[in-house]
Every structure is written in structure tokens, then in C-alpha cells.
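Note that this is a predicted model, so its numbers are computed, not measured.
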Amino acid sequence: MRIDINTFLGSYPWRHVPGTSLADLRESLRIHQIDEAWVSHLPALFWKDPMAGNGWLVDTLASARELRPVPAVHPGLPAWEETLGWAMASRVPAVRADPMLWGLAPDGEAMRALVHGCGSRNLPLLLAVRLEDGRQRHPMDHATDLPAAAIRQLLRADDRTQFIVTHADRDTIEQVHFGSTGAESSRVLWDISWIWGPPEDHLETLLTTIGAERFVFGTGQPLRLPENAMAKLDLLDLAAGGGDRAQIESGNALGLTGRE
């Protein structure tokens with residue numbers, strides 16, 4: 001089984017991105033033999049109220065059993081706690097927050113309240129370090145990367161909350177992992193979409209130093225090519241159907257959602 005925990009539907013404001021429709025995503029999953037995808041509503045992440053896209057996301061995915069919605073929760077807006085309750089009742093795999101896009105202090109009071117709310121409801125929280133490489137960002141895109149120091153502080157805001165962090169590179173992962181206690185770092189899963197494979201071999205190094213139990217399969221499609229994430233695992237020559245590869249491709253995500 002292969003689960004992609006990092007996919008999007010909808011248009012991107014800063015450049016044309018192909019393959020953003022429901023049909024496109026489902027076809028990509030079929031081609032790449034991905035059994036399940038966790039999906040965020042990409043346009044809504046840039047709205048004044050990103051939670052306004054949650055209803056559309058859930059309704060759109062209702063007929064696609066292999067797609068699971070990841071609704072956005074903005075803790076700086078009214079009714080965000082009601083949105084958390086609705087998400088829990090909808091049995092979503094996680095909720096997401098993007099403080100760097102929303103003008104929130106990444107480790108401020110609002111984000112700490114969200115972490116506490118997720119912990120009290122047993123809802124994993126998904127955070128993205130970035131959506132676009134800084135070298136190709138549009139001049140009007142002023143969002144900066146989510147700092148490793150902020151991730152560490154959020155880990156300490158509630159010791160019950162499980163995190164998924166996407167689009168993180170080796171440097172960010174090592175800063176968080178080795179700058180946290182063992183208990184804190186055990187509550188973070190990192191997707192592999194932004195980790196370099198050969199010839200730098202960052203992914204191989206991280207699997208050796210941190211362990212496969214801390215990583216999940218995420219492509220970032222359609223913002224990134226899904227073949228990229230798959231090739232990195234293929235080039236590691238990990239055994240298919242067992243061991244480290246099975247953990248990364250599905251086991252860790254299933255464990256996070258209580259389905260292992």
C-alpha cells in the first residue's frame with residue numbers, strides 16, 4: 001500500500017500549475033500506483049479565511065474514497081475551534097495550518113492554542129515549511145519558510161499533539177530532531193517531498209541517523225512531480241513490501257491515524 005500524505009487540488013496564485021483538477025489527481029494516483037492521498041485545498045490557503053474552502057473540499061472528495069480531505073484551520077479567526085470539532089466528527093486524517101501564509105506568528109499564542117486544540121481532540125496537525133523554493137517565488141509572494149525553531153516550540157506546546165511536517169529539507173529536519181527531546185521528536189513525521197536523494201543522499205543519511213519510522217511518503221503534487229518522491233525511494237534500493245520502505249510508504253501514516 002502507498003499513501004501520499006501531501007497533495008493539493010485547485011489553482012496556485014503565483015504561477016500556472018497543470019494537473020490541479022480532481023480528475024487529474026485521481027489519474028495521477030492510478031498511474032503511480034498510489035492507493036490513498038490526503039488532499040488540501042490549495043487556493044484556500046491564500047484566502048483571508050482559508051477555512052471557507054473546507055466545505056468544498058469535503059464535498060468534492062465525497063465520491064472519491066481513495067482521497068481524504070485535510071481541512072485548513074486558522075486559529076486567528078473566529079470559530080476555529082468549531083472547525084476543529086467538525087473536522088474530528090468528519091474523521092479527517094489531519095488538519096493543516098500555514099502561519100507563514102496567514103501572517104501569524106509561527107510559535108505565537110494563536111498557533112499554540114491550535115496545537116493544544118489538536119492535542120485535546122487527537123487530531124494530527126500538518127504544517128508546511130514552504131510551498132515554493134525561494135529562488136523561484138513570485139515577487140508578490142512574501143511568505144517565508146517556517147523556521148525550525150518555531151516547530152520545536154510548537155512541539156512543546158502540548159505533549160499530546162502529533163505533527164506532520166511537509167516540504168522540509170535535511171537542515172530543517174536535523175535542527176528540529178536533534179534540538180528536541182526524544183519524546184518531542186517522536187511526535188513528528190516528515191514527508192520526503194523536499195529531501196534530496198542521490199547524489200547528495202540526504203534521504204539515505206536521515207534514514208540512517210533518525211530512522212524510517214519518522215518519515216512518510218508525500219509528493220506535493222501538483223506543485224511537485226510525484227515521480228521525484230518515488231525515484232528517491234527506488235534509488236535507495238529498499239525492499240518493496242516490507243521493512244523501511246513499507247513504513248515510509250504506508251505504515252507510519254496508518255499508525256498515525258490508528259489504522260495499523
Asker: Scan for salt bridge (charged side-chain N to carboxylate O under 4.0 Å, His left out) pairs involving residues 154-165, sequence neighbours excluded, and state none if there are none.
Answerer: R156-E184, D158-R160
Asker: Could you report the tightest heavy-atom contact between V129 and A168, atom names first, then the distance?
Answerer: CG2-CB, 3.6 Å
Asker: What heavy-atom pair brings A94 and I164 nearest, and what distance separates the two atoms?
Answerer: CB-CD1, 4.1 Å
Asker: Any chance CD of E200 has more than 12 other-residue heavy atoms, nucleotides or ligands included, within less than 6.0 Å?
Answerer: yes
Asker: Return the OG1 to CE distance between T83 and M51, rounded to the nearest 0.5 Å.
Answerer: 4.5 Å
Asker: Provide the closest heavy-atom pair for N252 versus F215 in the form atom of the first, atom of the second, distance.
Answerer: ND2-O, 2.7 Å
Asker: For S28, does its backbone N or O pair with a side-chain atom of H32 as donor and acceptor, under 3.5 Å?
Answerer: yes
Asker: Decide yes or no for T172 and D145: does some side-chain heavy atom of the first lie under 4.5 Å from some side-chain heavy atom of the second?
Answerer: no
Asker: Would you say R121's side chain and L84's backbone share a donor-acceptor pair under 3.5 angstrom?
Answerer: no
Asker: I need the minimum non-hydrogen distance between D35 and M1, along with the two atoms involved.
Answerer: OD2-CA, 3.2 Å
Asker: Determine, using the 4.5 Å side-chain heavy-atom cutoff (strictly less than), whether W194 and V188 are members of one ILVMFWY cluster.
Answerer: no
Asker: Any pair with a residue in residues 206-223 that passes salt bridge (charged side-chain N to carboxylate O under 4.0 Å, His left out), sequence neighbours left out, goes on the list, sorted by first then second residue, please.
Answerer: none
Asker: Should the heavy atoms of other residues, nucleotides or ligands under 6.0 Å from CG of D133 be counted, would the total exceed 12?
Answerer: yes
Asker: Please tabulate, for the side chains in residues 98-107, all donor-acceptor contacts under 3.5 angstrom to protein atoms that are two or more places apart in sequence or on a different chain.
Answerer:
from : atom 1 : to  : atom 2 : distance (Å)
D98  : OD1    : R96 : NE     : 2.8
D98  : OD1    : R96 : NH2    : 3.3
D98  : OD2    : R96 : NH2    : 3.0
W102 : NE1    : L45 : O      : 2.9

Asker: Please confirm whether the backbone N or O of Q33 pairs with a side-chain atom of R2, one donor and one acceptor, at under 3.5 Å?
Answerer: yes
Asker: Less than 4.0 angstrom from a charged side-chain N to a carboxylate O is my criterion; do E27 and R30 meet it?
Answerer: yes
Asker: For H116, enumerate each residue passing the ring pair (Phe, Tyr, Trp, His ring centres under 6.0 Å) test, keeping only those at least two apart in sequence or located in another chain.
Answerer: none
Asker: For T219, does its backbone N or O pair with a side-chain atom of N228 as donor and acceptor, under 3.5 Å?
Answerer: no
Asker: Tell me whether K232 contacts the main-chain N or O of I195 through its side chain, where contact means a donor paired with an acceptor under 3.5 Å.
Answerer: yes
Asker: If you compare all heavy atoms of A212 against all heavy atoms of L207, which two are closest, and at what distance to 0.1 Å?
Answerer: CA-CD2, 3.8 Å
Asker: For G218 and D4, work out which heavy atoms get closest and say how close.
Answerer: CA-OD1, 3.3 Å
Asker: Check the surroundings of atom CH2 in W196: do more than 12 heavy atoms from other residues, nucleotides or ligands lie under 6.0 Å from it?
Answerer: no
Asker: I'd like to know if the side chain of R187 reaches the main chain of T161, judged simply by a donor and an acceptor atom lying under 3.5 Å from each other, with no hydrogens or angles considered.
Answerer: yes
Asker: Determine which pairs satisfy side chain to side chain donor-acceptor pair (under 3.5 Å) with at least one residue from residues 201-211, sequence neighbours left out, and list them in order.
Answerer: none
Asker: Using the test salt bridge (Lys or Arg N to Asp or Glu O under 4.0 Å), find all partners of E227 that sit at least two apart in sequence or belong to another chain.
Answerer: none
Asker: Which is it for D141 and R15 under the salt bridge (Lys or Arg N to Asp or Glu O under 4.0 Å) test, yes or no, and what are the steps along the way?
Answerer: CA-CA 11 Å; D141 182 2; R15 60 183 171 92; over 6 Å; no
Asker: Any chance you could measure W190, atom CH2, to L206, atom CG, to the nearest 0.5 Å?
Answerer: 10.0 Å
Asker: Examine distances only and state if a side-chain atom of R26 and a backbone atom of L22 form a donor-acceptor pair shorter than 3.5 Å.
Answerer: no
Asker: Between CD of E36 and CD1 of I5, what distance do you get to the nearest 0.5 Å?
Answerer: 11.0 Å
Asker: Just how far is it from atom OG of S250 to atom CD1 of I34, taken to the nearest 0.5 Å?
Answerer: 12.0 Å
Asker: Using 0.5 Å steps for rounding, measure from the CD1 atom of I3 to the CD1 atom of I248.
Answerer: 13.0 Å
Asker: Considering only heavy atoms from C-beta outward, does the side chain of F217 approach that of I192 to under 4.5 Å?
Answerer: yes
Asker: Would you find a donor on one side and an acceptor on the other, under 3.5 Å apart, between the side chain of T7 and the backbone of W38?
Answerer: yes
Asker: Taking NZ, NE, NH1 and NH2 as the nitrogens, is one of them in R245 or D234 under 4.0 Å from a carboxylate oxygen of the other?
Answerer: yes
Asker: If I take atom OG from residue S193 and atom CZ from residue R130, how far apart are they, to the nearest 0.5 angstrom?
Answerer: 9.0 Å
Asker: Between S186 (side chain only) and A183 (backbone N and O only), is there a donor and an acceptor less than 3.5 Å apart?
Answerer: yes
